[in-house]
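Read the structure below first, then the notes.
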Amino acid sequence: MAKKILLVDDDPNICMMLGDFLVAEGYEVTQVHSGEEALGCLAEIKPDLIILDMGMPGMGGTGFIEHISNASGHLIAPVLVLTARGEMAEYFATKHIAGFITKPAAPDELLAEVQRILFVESDLPHDEPFLLGQNPRRVLVLAEPNHIRANAYREALGKVGFSVEAVRTGPEAIETTIALHPAGLILPMDAELLSADAVLEILRKLPSSKALPVIVYNAEKSPERWLFIDPRNVTKVNGMEGQDIAQAALKNILK
């Protein structure tokens with residue numbers, strides 16, 4: 001069976017050239033152009049190798065590596081860094097990547113490194129698989145009473161590397177936050193039974209959640225309540241779009 005390679009580079013010409021070359025060498029190649037797209041692919045495919053550019057818009061290569069790392073720094077799949085930024089070799093010397101090549105790379109050099117990594121990885125013992133989102137730094141508590149909307153938000157957040165513990169009400173959000181010590185809390189301004197400002201007033205009195213990053217969506221619905229919220233470590237999202245909430249989480253919770 002052909003080995004699966006996920007090729008991540010924002011330059012479509014490089015993607016096409018390297019993709020065609022690797023396919024001709026017998027590999028099954030999936031091409032994406034951002035770290036965010038690559039995270040979405042990981043929910044559908046299990047690559048044997050990820051070839052990763054660094055200088056991409058959005059989370060970039062380093063952000064993507066952060067998202068696929070577990071608590072000990074090991075990655076969900078072997079990563080071959082392919083970048084024009086040769087000075088980053090020193091930075092990656094202490095990271096758990098499988099290889100590092102600077103652009104422009106000769107096809108034979110790239111192929112040799114791909115073959116080396118896949119050969120080495122096939123002989124390594126593997127622990128139980130690490131699931132994207134297992135890292136406690138990526139667990140979020142979401143308070144959303146509408147289960148259809150909650151599932152949509154869970155999907156959008158999962159695509160950028162978060163796992164979600166969903167609850168329905170403000171009081172449940174407080175209880176779950178205290179129990180789980182999540183990376184962040186997401187809730188609507190008019191959360192059921194206890195609004196966002198009241199939830200935050202309680203959580204900010206507790207040492208464990210005093211600096212917890214919080215995202216409040218649909219914030220424009222009750223602007224008067226926003227006046228009572230201390231804006232430190234709180235991000236306001238107008239509207240209820242899952243993509244906006246996911247991008248706010250990506251930008252403000254793992255900053």
(message) Main chain of Lys4, side chain of Asp48: is a donor-acceptor contact present, judged purely on distance under 3.5 Å?
(response) yes

(request) Could you state whether Val23 and Leu82 fall into the same hydrophobic cluster, counting links through intermediate Ile, Leu, Val, Met, Phe, Trp or Tyr residues with side-chain heavy atoms under 4.5 angstrom apart? (result) yes

(message) Within this structure, what is the OG1-CE distance for the pair Thr62 and Met56, rounded to the nearest 0.5 Å?
(response) 8.5 Å

(request) Please round to the nearest 0.5 Å and tell me the distance separating atom CG of Leu187 and atom CG of Leu140. (result) 12.0 Å

(request) First locate atom NZ of Lys210, then atom NZ of Lys205, and finally report the distance between them rounded to the nearest 0.5 Å. (result) 12.5 Å

(request) Look at the side chain of Thr102 and the backbone N and O of Gly86, then say whether any donor-acceptor pair between them is shorter than 3.5 Å. (result) no

(request) State the CG-CG distance between Leu142 and Asn151, to the nearest 0.5 angstrom. (result) 9.5 Å

(message) Quick one: does any side-chain atom of Glu172 pair with a main-chain N or O of Arg168 as donor and acceptor, under 3.5 Å?
(response) yes

(message) Are there over 12 heavy-atom neighbours, none belonging to Gln115, within less than 6.0 Å of that residue's CD?
(response) yes

(request) Indicate, with yes or no, if Leu80 and Phe21 share a hydrophobic cluster defined by side-chain heavy-atom contacts under 4.5 Å among Ile, Leu, Val, Met, Phe, Trp and Tyr. (result) yes

(request) Would you give the length of the straight line joining atom OG1 of Thr177 to atom CD of Glu165, rounded to the nearest 0.5 angstrom? (result) 10.0 Å

(request) Check whether any side-chain N or O of Tyr217 sits under 3.5 Å from a backbone N or O of Glu241 as a donor-acceptor pair, and report yes or no. (result) no

(request) Give, for atom CD1 of Ile14 and atom NE2 of His33, the distance between the pair rounded to the nearest 0.5 Å. (result) 11.5 Å

